[in-house]
Amino acid sequence: MPTKNGAGRGSGSTATTNPPGNQTPNTPDVDESEIARLKVDELRSRLRARGVAGTADMQKADLVKALVKSLTDRSGPSSSSSGGGVRKGPQTSKSIKYAQEVTSVDDEPERPGRSLVTTDHEVIRRWAEARKGVPTTVDGTEHDGHAGVLRFDFPSNGREQRLREISWEEWFRTFDERRLNFIYQEERSDGKQSNFFRLESPDREDG
């Protein structure tokens, strides 16, 4: 998600200062060259995270096309799988009620330091990747073969031993199964990049 000072633009895939010439028309955040450099497993993982099925037998060229289509087609599977809308329930917190709702990577914070909330997979992934965050679960909290408490591990904070890296697919599957909301900031009130985030469930008080 672009911000005023350029923070949050990811690891290069969403930078707009010097956009590459092969960006998909009308979708400057989609860089086909960047997508084409992804490994087959990563392409399949991203497609599954966006709700696209039937990728097991697809070749890389087809996977690239499918991911580009998924990212550019707002009415496609990604809309139904992770539409960005806030999840509400009996335990919906004041933090969620007063946060600015973000439903796509095109949404920008109203001001620096604004509390934001989303369930959109691409928004969350780009936010984490912009900070070199790695999807993880807290070791020892897993149950029934499923990921436990979800976290991101940021290298700037030093790697935490208790965090175990998992795939984006597993992270988002757990995120959706538990009906979590992602509360976060793009920037602090002083305009500097913020790593703040919290996961909350509207159905129970733990995230």
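Positions are given from 1, in the same order as the sequence printed here.
- Inter-residue side-chain proximity for V86 and T119 is flagged as unmet; no heavy-atom pair is nearer than 4.5 Å.
- Within the 3.5 Å criterion, the main-chain N or O of L150 finds no donor-acceptor partner in the side chain of T137.
- Between R126 and E129 there is no salt bridge, since no side-chain nitrogen of the basic residue lies less than 4.0 Å from a carboxylate oxygen of the acidic one.
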Exercise for review: For salt bridge (charged side-chain N to carboxylate O under 4.0 Å, His left out), just list the numbers for D176 and R87, CA-CA rounded to whole Å, side-chain angles, deciding distance to a tenth of an Å, and then say yes or no.
Suggested key: CA-CA 10 Å; D176 288 338; R87 294 168 173 138; 2.7 Å; yes

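- The CG atom of L43 lies 12.0 Å from the CZ atom of R37; values are rounded to the nearest 0.5 Å.
- For D41 and K39, the salt-bridge test fails: no basic side-chain N is under 4.0 Å from an acidic carboxylate O.
- Checking side-chain atoms of D107 against main-chain N and O of T103 turns up a donor-acceptor pair under 3.5 Å.
- No side-chain heavy atom of S201 sits less than 4.5 Å from a side-chain heavy atom of R178.
- Here the closest non-hydrogen pair linking A147 and T174 is CB-OG1, 3.6 Å.
- For the atom pair OG1 of T136 and CD of E170, the computed distance is 10.5 Å after rounding to the nearest 0.5 Å.
- Note: R162 CZ to D153 CG = 9.5 Å, rounded to the nearest 0.5 Å.
- No donor-acceptor distance shorter than 3.5 angstrom exists from the side chain of T92 to the backbone of K88, with no hydrogens or angles considered.
- No side-chain donor-acceptor contact under 3.5 Å links E32 to the backbone of V68.
- No side-chain heavy atom of S194 sits less than 4.5 Å from a side-chain heavy atom of E187.
- Judged by distance alone, the side chain of Q100 and the main-chain N or O of E108 form a donor-acceptor pair under 3.5 Å.
- For the pairing with F152, the ring pair (Phe, Tyr, Trp, His ring centres under 6.0 Å) check across F197, F196, Y184 returns one residue only, F197.
- Between E186 and R131 a salt bridge is recorded (basic side-chain N to carboxylate O distance below 4.0 Å).
- A 4.5 Å side-chain heavy-atom check between L116 and W127 finds every atom pair outside the cut-off.
- Put simply, the side chain of L63 reaches to within 4.5 Å of the side chain of V40, judged on heavy atoms.
- When all heavy atoms of A99 and V117 are compared, the pair lying nearest together is CB-CG1, 3.8 Å.
- The distance from the CZ atom of R151 to the CG atom of L199 is 7.0 Å, given to the nearest 0.5 Å.
- Salt-bridge annotation for E200 and R198: present, with a side-chain N of the basic residue lying under 4.0 Å from a carboxylate O of the acidic one.
- Between E142 and R164 there is a salt bridge, since a side-chain N of the basic residue sits under 4.0 Å from a carboxylate O of the acidic one.
- The environment of CD in E177 is crowded: more than 12 heavy-atom neighbours from other residues, nucleotides or ligands sit within 6.0 Å.
- For the pair I96/I183, a side-chain contact is recorded, criterion being any heavy-atom separation below 4.5 Å from C-beta on.
- Between F182 and W171, the two ring planes are perpendicular [angle over 60°; tilted spans 30° to 60°].
- Expressed to the nearest 0.5 Å, how far NZ of K192 lies from CD of Q185 amounts to 14.0 Å.
- Within a 6.0 Å sphere centred on NZ of K60, other residues, nucleotides and ligands contribute more than 12 heavy atoms.
- Taking the six-membered ring where tryptophan is involved, the planes of F172 and W168 are essentially parallel, since the angle between them stays under 30° and well short of 60°.
- In this structure, CZ on R188 lies 9.5 Å from CD on Q193, to the nearest 0.5 angstrom.
- Under the 4.5 Å side-chain criterion, counting only non-hydrogen atoms from C-beta, L163 is not in contact with D139.
- Of all the heavy atoms in V64 and A36, the pair that sits closest is CG2-CA, 3.9 Å.
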